[in-house]
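Structure record follows, encoded as structure tokens.
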Amino acid sequence: MSIHTEKVAKKVTLTTIAKMKGVEPITMVTAYDALFAKLFDGHVDMILVGDSLNMSFLGKDDTLSATMDQMIYHTQAVCNGASLPLIVLDMPFGSYTSKSEAVKNATRAYQETNAQAVKIEGGKERANIVKALTENSIAVLGHIGLMPQFVRADGGYKVRGKDKTDIDLLVEDAKALEAAGAFAIVVEGVRSEAAKAITDAITIPTIGIGAGLDCDGQVLVWSDMFGFFEEFKPKFVKRYCNGAELVRENLEKYTSEVKNREFPSQEYTY
Ligand code: KIV
């Protein structure tokens with residue numbers, strides 16, 4: 001396994017991820033297509049085909065209308081582009097409402113894509129679903145804290161872990177998911193002291209997003225971190241470049257060259 005700046009040289013497995021806890025921070029980004037998956041291949045430990053694609057890729061207001069067909073289609077594309085990272089398919093809202101539905105849909109995910117795991121949102125109330133999946137040899141990445149699929153039920157996106165009672169609830173959630181067989185847990189939108197308490201309480205890795213430095217790894221949505229998604233920017237998003245600006249500037253150049261009959265010049269002509 002790599003350390004920091006070196007490229008990831010080998011296929012990342014569930015065992016690789018388990019061994020990284022307390023040794024080396026785990027890097028994860030989202031991807032929705034082969035083009036970007038190929039760019040990320042070898043540079044991150046895990047890729048999440050997140051249902052966030054419903055917002056940044058499809059332009060919807062939340063993730064709730066993403067479907068299993070959509071997640072499978074995009075995961076196939078990502079698997080075509082990247083061979084080294086561990087690839088996780090995000091189970092969409094409504095696809096794991098019962099143990100049998102969850103097993104049926106996650107089995108489809110395994111049979112129709114090369115994803116090595118699925119992600120589901122929810123704490124101890126979903127532990128029975130996680131157990132049903134892991135008992136059927138399907139690896140599960142849990143997701144607790146701020147859960148985008150709960151946005152309508154919760155009345156908005158709310159940061160969690162602001163007091164001891166809530167921190168204790170989050171720790172209970174994490175322990176229940178670990179006991180049910182989850183291989184790691186995404187911890188989203190929680191105060192850093194809560195993320196530390198969760199990370200210290202379990203033996204599987206935590207992957208933070210808006211959860212501070214004390215998680216075992218970090219995940220960001222690619223279109224947020226590269227500045228392509230401009231509608232809003234949560235506090236936890238660091239924009240590593242301004243992708244949207246780069247595209248606009250260069251599109252302007254292209255438009256002006258075409259309008260002025262400068263492109264295609266001799267160099268680009270048969
Ligand atoms: O759908 C997604 O991209 C996610 C991440 C925010 C963890 O669930």
Side-chain angles (χ1 to χ4, degrees), residues 17 25-33 36-37 40 44-68 70-75 77-78 82 85-96 105-106 109 113 115 117-123 126 130 140-152 154 156-160 170 173-174 177 182-190 195 198-199 204-212 215-226 228-229 231-239:
I17 297 300
I26 298 161
T27 53
M28 187 184 207
V29 293
T30 66
Y32 314 132
D33 59 44
F36 276 86
F40 303 156
V44 287
D45 300 304
M46 297 166 77
I47 289 183
L48 172 67
V49 187
D51 62 356
S52 52
L53 63 82
N54 209 45
M55 298 170 76
S56 54
F57 191 88
L58 217 66
K60 298 278 180 73
D61 287 338
D62 58 34
T63 61
L64 271 68
S65 56
T67 65
M68 206 57 215
Q70 215 179 318
M71 299 314 300
I72 284 176
Y73 173 83
H74 287 278
T75 305
V78 168
L86 189 144
I87 296 172
V88 181
L89 177 149
D90 204 3
M91 297 286 283
F93 181 70
S95 67
Y96 49 95
N105 283 316
T113 79
V118 299
K119 176 169 84 61
I120 73 171
E121 295 183 12
R126 288 276 155 72
V130 174
V140 179
L141 175 62
H143 184 152
I144 60 171
L146 185 161
M147 293 174 284
Q149 291 181 10
F150 289 46
V151 61
R152 293 189 204 165
D154 287 352
Y157 298 103
K158 294 184 180 141
V159 173
R160 297 275 315 269
L170 288 165
D173 282 339
L177 295 180
F183 75 93
I185 302 176
V186 168
V187 178
E188 178 167 0
V190 307
I198 296 164
T199 303
I204 56 173
T206 54
I207 317 282
I209 174 161
C215 290
D216 299 301
Q218 299 292 329
V219 55
L220 280 177
V221 171
W222 81 266
S223 41
D224 289 341
M225 66 190 287
F226 297 132
F228 285 98
F229 189 72
E231 274 73 358
F232 61 91
K233 191 190 90 60
K235 177 179 163 69
F236 64 83
V237 170
K238 177 171 177 182
R239 283 195 180 144

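Treat the numbers as computed from the prediction; the structure is a model and nothing was measured. Just the heavy atoms: all of them, side chains too, but no hydrogens, waters or symmetry mates, feed the values below. Counting convention: from 1, in listed order, for ligands and their atoms alike.
- Atoms of ligand 1 found under 4.0 Å from any heavy atom of H143 (numbered from 1 in listed order, with element): 8 (O).
- In terms of the ring-ring contact (aromatic ring centres under 6.0 Å, His included) criterion, residue partners of F57 (sequence neighbours excluded) are, by chain and number, H74.
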### Task
Check step by step if side-chain contact (heavy atoms from CB on, under 4.5 Å) holds for M71 and D51.
CA-CA 7 Å; M71 299 314 300; D51 62 356; 4.1 Å; yes
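- For the pair L146 and V159, the tightest heavy-atom approach, listed with the atom from each and the gap, is CD1-N, 4.5 Å.
- Within ligand 1, the atoms closer than 4.0 Å to a non-hydrogen atom of D90 are 1 (O), 2 (C), 8 (O), numbered from 1 in the order shown.
- Of the N and O atoms on the side chains of S52 and Y32, at least one donor lies less than 3.5 Å from an acceptor on the other residue.
- In terms of N/O distances under 3.5 Å, ligand 1 is approached by D51.
- At least one heavy atom of K119 lies less than 4.0 angstrom from ligand 1.
- Each of the atoms 1 (O), 2 (C), 3 (O) of ligand 1 lies under 4.0 Å from some heavy atom of G50.
- The proximity of L53 to ligand 1, defined as any non-hydrogen pair under 4.0 Å, does not occur for either the backbone or the side chain.
- From the protein, the heavy atom lying nearest to atom 3 (O) of ligand 1 is S52 OG, 2.6 Å.
- With ligand atoms numbered from 1 in the order given, ligand 1 contributes 6 (C) to contacts under 4.0 Å with heavy atoms of I209.
- Ring geometry for F229 against F232 counts as perpendicular: the plane angle is over 60°, on a 0 to 90° scale with 30° as the lower cut.
- With no hydrogens or angles considered, a side-chain donor-acceptor pair links Q149 and Y96 at under 3.5 Å.
- No side-chain donor-acceptor contact under 3.5 Å links T63 and N54.
- For the pair D224 and R239, the salt-bridge criterion is not met [side-chain N within less than 4.0 Å of a carboxylate O].
- In summary, the atoms of ligand 1 found under 4.0 Å from a heavy atom of T30, numbered by their order in the structure, are 3 (O).
- Of the candidates L48, V219, L141, V186, it is L48 that places a heavy atom closest to atom 5 (C) of ligand 1.
- Neither the backbone nor the side chain of T63 comes within contact range of ligand 1; no heavy atom lies under 4.0 Å.
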